[in-house]
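Notes for the one structure printed next.
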Amino acid sequence: MPNEIHPEIYPPSPEVMAAAYIKSHDEMIHKASEDPEGFWADRAREFEWFKPWDKVLDDSNKPFFKWFVGGRTNIAYNCLDRHVKTWRRNKLALIWEGEKGEVRTFSYHALNREVCKFSNVLRSMGVKKGDRVTIYMGRVPELPIAMLACAKVGAVHSVVYGGFSVEALHGRIDDSQSNVVITCDGSWMNGKIVELKNIVDEALKRCATIEHVIVVKRTGQQVQMESGRDYWYDDLMGLPVARALAGGNRSETEVMDAEDPLFLLYTSGTTGKPKAILHTHGGYMVGVATTLQWAFDLKEEDRWWCTADPGWITGHSYIVYGPMLLGATSFMYEGAPTFPYPNRWWSMIEKYGINVFYTAPTAIRGLMRFGEAWPNRHDLSALRLLGTVGEPINPEAWRWYHRVIGKGKCPIIDTWWQTETGMFMITPLPATPLKPGSATKPFPGIIADIYDEAGKPVAPGEEGFLVLKNPWPAMMRTIYNDPDRYVQQYWSKYPGVYFTGDSARKDADGYIWVIGRVDDVIKVSGYRLGTAEVESALVSHPAVAEAAAIGLHHEIKGHAIHTYVMLKAGYEPSEALAEELKAHVGHEMGPIAKPEKITFVKQLPKTRSGKIMRRVLKARAQGLPEGDLTTLEE
Ligand code: WT7
């Protein structure tokens, strides 16, 4: 059993306990389970509602759950308008550092002013409640400003990670039917420019719906501006209309139904077509703020740094919405962790006095290999709590993080959750005794279990499928444009129970140990990619007849993509062609999807019905038994 393999237990430190909002994880789990609706209603009352809800949970049309039914609010109102009415107007909402060392800061007042102006710009372009807006930017302050401005006018943002490329962007714009794209000329990453505007231009040649492109000037290189379609952000923000609509620098905040959509976020699944996960204003707000406050014990005076990119759910929930809902100070960094040296992150923790720091196992492993001297050059003593997310953390990295970064005094909050769940689902609270490598127990109000194939809970120590047994406020509501896929993907393996796609074990103390994905999703450096997306990028190259992608263990990235390619007649395998195919996937999908290795094969293992048997490829690559081959084609 996992706790026998790693028998260490780290009890909470007295200092952390003394400050903690929640003094006992188990007691709170118990309390929430007695009356889950009352529990979430209490949390919801922390926010401003234009009209209170009539019903906390409507489960009459499962699995299309509704939360805070009849309630009216706006998440942007609770992130900004609410705070600028108080002393917090002068508190820093956002501190930003560019890769070259530039610093920009925004008080709640200043952030609200920029969001108001930009929401006026959006309105003047005809953007209204329910419209979709695609945001494809680097990590600059205008990204959270754009997200909050969309929320303010009731538009639905669809942020596409700035590391994605042409085909990924095109597919997401097309599926969401956006009319507006907000982008940058370029973004800085590792001292180099990522040509965002050029990628947008190329993607838009394949898209029909886009009317306007708004471009933030960041890198300053020459870009093509199409007249009548493309506008500079700064020019628009300088127009009288940005200030005029509501007088001064104000702008009306749209009154939204609790269940109105807030954003779409595309994530990879088992098919080549990414799924648009839909989240709402009301429930998402309550779930995200509560989890951040309780798991990371975020206090008024804290400075919080989540190193994710706002283009992923982690950034949505815990760089932008969660911290702003709590009136906290969120720090955001533009560039690479090792630029120009491997102490970049540690130097910024010291410089800004970061108290609570949240990152990913892959980043910890990557920085670990540069040695302890780099972090030891810096005063990290302001740190109170540390966090991790994205994939299971190996105990070795956990211990290094705990000892070298946390100096043995900061609990490691290992948060298990998904794009779909919107908020932490399984996570320690500061009071939870920790076991390295385990995300410990469900957040209060959440019921998790581990099932066998038949839907029976497995015995302690046994591996099974991780499931969630009751609804929670920040849960996805559907897959945009594809409700059938929502039902089929998440609620059909076990009726009435949410299927996570992960395997896990529970130990004798009830601690959950997540093992990994059981579907065709690969986590590369914590980023979620679908094998089918990589395969479809490969077959879009003229030389490729068929392709299969699998994830194999990688020391730093956790998993890396390995692909098997069958060439069309007339093409010969070569090192040069392999490199060309890798570059092609990078161009279409983005650098993170570039295969680690391409193997040319004459045939792929397939079932008689023609499905590629990836598990056979995986077993072969690992030198493991190939399992049941009865369905393998002759
Ligand atoms: C998948 C979801 C949710 C934030 C970032 C990822 C894996 C996530 C953990 C963790 C073990 C984890 C799971 C999950 N995962 N956090 N703490 N321990 N595995 O979101 O891209 O939607 O990926 O990431 O496999 O299903 P995502």
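Just so you know, ligand 1 is whichever comes first in the structure, and atom 1 is the first atom listed for that ligand. We're numbering straight along the sequence, starting at 1.
- We find that Glu555 and Arg365 are not joined by a salt bridge, their nearest charged nitrogen and carboxylate oxygen being 4.0 Å or further apart.
- Counting only heavy atoms from C-beta outward, the side chains of Ser24 and Met28 never approach each other to under 4.5 Å.
- Cation-pi contact between Lys435 and Tyr10: absent, since separation from the ring centre below 6.0 Å together with deviation from the ring axis within 45° is not met.
- Between the side chains of Tyr318 and Thr415, no donor-acceptor pair is found at a separation under 3.5 Å.
- In this structure a side-chain-to-backbone donor-acceptor pair under 3.5 Å is present from Thr563 to Lys597.
- Between Thr314 and ligand 1, no N or O atom pair is found at a separation short of 3.5 Å.
- Heavy atoms of Gly501 come nearer than 4.0 angstrom to ligand 1 in no pair at all.
- Contacts of Ala439 with ligand 1, taken as heavy-atom pairs under 4.0 Å, are absent altogether.
- The single protein non-hydrogen atom nearest to atom 24 (O) of ligand 1 is Lys523 NZ, 2.8 Å, given as residue, atom name and distance.
- Near Val514, meaning under 4.0 Å from any of its heavy atoms, are these atoms of ligand 1: 11 (C), 19 (N).
- Contact annotation for Thr421 and ligand 1: no heavy atom of the residue comes within less than 4.0 Å of the ligand.
- An N or O contact shorter than 3.5 Å links Thr419 to ligand 1 by distance.
- From the protein, the heavy atom lying nearest to atom 11 (C) of ligand 1 is Pro392 N, 3.1 Å.
- Which of Val389, Ile313, Asp414 comes nearest to atom 17 (N) of ligand 1 through a heavy atom is settled by distance: it is Asp414.
- Taking 4.0 Å as the cut-off between side-chain N and carboxylate O, Arg172 and Glu167 do not count as a salt-bridged pair.
- At under 3.5 Å, a nitrogen or oxygen of Thr415, whether backbone or side chain, sits near a nitrogen or oxygen of ligand 1.
- Judged purely by atom type and a 3.5 angstrom limit, Glu535 uses its side chain to pair as donor or acceptor with the backbone of Ala549.
- Scanning the protein heavy atoms around atom 2 (C) of ligand 1, the nearest turns out to be Trp417 O, 3.6 Å.
- The shortest contact between atom 13 (C) of ligand 1 and any protein heavy atom is with Asp502 OD2, 2.8 Å.
- For the residue pair Thr362 / Tyr527, no side-chain donor-acceptor distance below 3.5 Å is found, with atom types taken as modelled.
- Checking Glu420, Glu391, Glu533 one by one against Arg528, the salt bridge (Lys or Arg N to Asp or Glu O under 4.0 Å) holds for a single residue, Glu420.
- With respect to the salt-bridge test (charged N to carboxylate O, under 4.0 angstrom), the residues Lys275 and Asp482 do not qualify.
- At under 3.5 Å, not a single nitrogen or oxygen of Trp312, backbone or side chain, sits near a nitrogen or oxygen of ligand 1.
- At a 4.0 Å heavy-atom cut-off, ligand 1 touches Gln418 through backbone and side chain alike.
- Those atoms of ligand 1 with a heavy atom of Arg528 less than 4.0 angstrom away are 2 (C), 21 (O), 22 (O), 23 (O), 27 (P).
- With hydrogens and angles ignored, the 3.5 Å screen pairs a side-chain donor or acceptor of Tyr401 with a backbone N or O of Gly387.
- Polar contact check, Gly390 against ligand 1: a nitrogen or oxygen pair lies under 3.5 Å apart.
- When Trp416, Tyr318, Trp513 are checked for heavy-atom proximity to atom 9 (C) of ligand 1, Trp416 turns out nearest.
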